[in-house]
Student: 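Attaching a single structure in structure tokens format; questions to follow.
Below, each value reflects all heavy atoms present in this structure, side chains not excepted, and no hydrogens, waters or symmetry copies. Small disclaimer: the values here were computed from a predicted structure and weren't measured. Order of listing sets the numbers, starting from 1, for every ligand and every atom in it.
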Amino acid sequence: MSLAPVTIAGTGSYLPEKVLTNADLETIVDTTDEWITSRTGIKARRIAAEGQSTSDLATEAAKKALAQANIAAEDLDLIIVATITPDTLTPATACYVQDNLEARKAVAFDISAACSGFLYAMEMARNLIGAGSFQNALIIGAEKLSAFTNWEDRNTCVLFGDGAGAAVLRKSEEGEGRILAMEIGTDGAQTGILNIPGGGSACPITIDNANDKLASLSMLGKEVFRHAVTRMKTAATKVVEEAGLESKDIAQVIPHQANLRIIDAIADRLTIDNDKVFVNLHKYGNTSAAAVAIALDEAAREGKFKRGENIVCVVFGAGLTWAAAAIEW
Ligand code: COA
């Protein structure tokens, strides 16, 4: 079945006000600004206010995307929130967002694909709109990772931050840009190298294990790094080829914002100049599903690419999961 082309009609992002710098972290765990900067490129991250949940961050990003797309919340018929830090295990964070926006007509649900979630949501929405099942979709990547961070573990707490990014998708009209190609993938044999081990049915939090900080991110950094470079490079190459593009046709690459060394390795392997690769991780750290969504919105608003130009988004996360999109803006 051939699918109708789908365009990104608007984007938005929201970052909480509170800034946690590397200098602040030096007072919390045994680390240094020099170590964090040289290993990751991260200088600061944002932390949600007390009482501010993932759906609150998501709602703020969504309002901006809807305004830019010039689509009213009541005209949405689909909302997908990608998150690994939901407000509650059930109902889905998307349901709170639907209520906040008063988007009463919209079917709303979450997906859990870690840092790849926003592009997984894009692929789902693209297919559902393209097939004619839905018309106006809101996809959001939103995380309050600070609530699932072990603030005594220097291996992980320096890496992550809170934030949200959103996009409105609808059918592409004559002369508008469109999503050209997408690739998503999973390797369930690698669940152990990056996860939140506790708090689910496999390991509920009990009085006996409450002090073990099991409901926080756990990671084998070097393993994750190795897989990230390989999977992102392969996924990005596939969508570029499928879209019929060459490196010279790409105005901007929007990679997952986890580590500057991973981003540099991807740029190198794709033979893309560094000035065509968008980076904002020094400000926000790794915001998982929100990262590529925030980066896409910031890059677009900063004029890094124009309507009609081609961009490539590429991500990687726990699961393992990966995804890439080639988009004519
Ligand atoms: N400050 C100071 N030292 C730290 C530290 C910190 N915040 N975190 C870890 N260390 C120490 C470790 O304890 C270890 O010490 P040891 O050798 O005495 O045991 C040492 O630094 C590890 O250093 P190294 O092996 O050189 O780290 P690295 O180059 O692999 O960098 C990461 C670590 C986590 C930055 C890197 O592996 C990485 O970015 N991996 C991918 C992570 C990622 O992207 N995750 C999200 C995917 S979506």
Student: Can you confirm whether more than 12 heavy atoms, excluding those of R178, are under 6.0 Å from its CZ atom?
Tutor: no
Student: Inspect the surroundings of NZ in K64 and state if more than 12 heavy atoms from other residues, nucleotides or ligands are less than 6.0 Å away.
Tutor: yes
Student: Does a sphere of radius 6.0 Å around NZ in K276 hold more than 12 heavy atoms from other residues, nucleotides or ligands, not counting ones at 6.0 Å or beyond?
Tutor: yes
Student: For ligand 1, what are the residues with a heavy-atom contact below 4.0 Å?
Tutor: D30, T31, W35, R39, T40, C115, R154, N155, V158, L194, M219, G221, K222, V224, F225, H256, A258, N259, R261, I262, N286, F316, G317
Student: In chain order, what residues pass the side chain to side chain contact (heavy atoms under 4.5 Å, CB included) check against A103, with sequence neighbours excluded?
Tutor: A73, L76, I79, Q98, L101, A106
Student: W329 and side chain to side chain contact (heavy atoms under 4.5 Å, CB included): which partner among I8, T7, N310?
Tutor: I8
Student: Is the count of non-hydrogen atoms from other residues, nucleotides or ligands lying under 6.0 Å from Q135 atom CD greater than 12?
Tutor: no
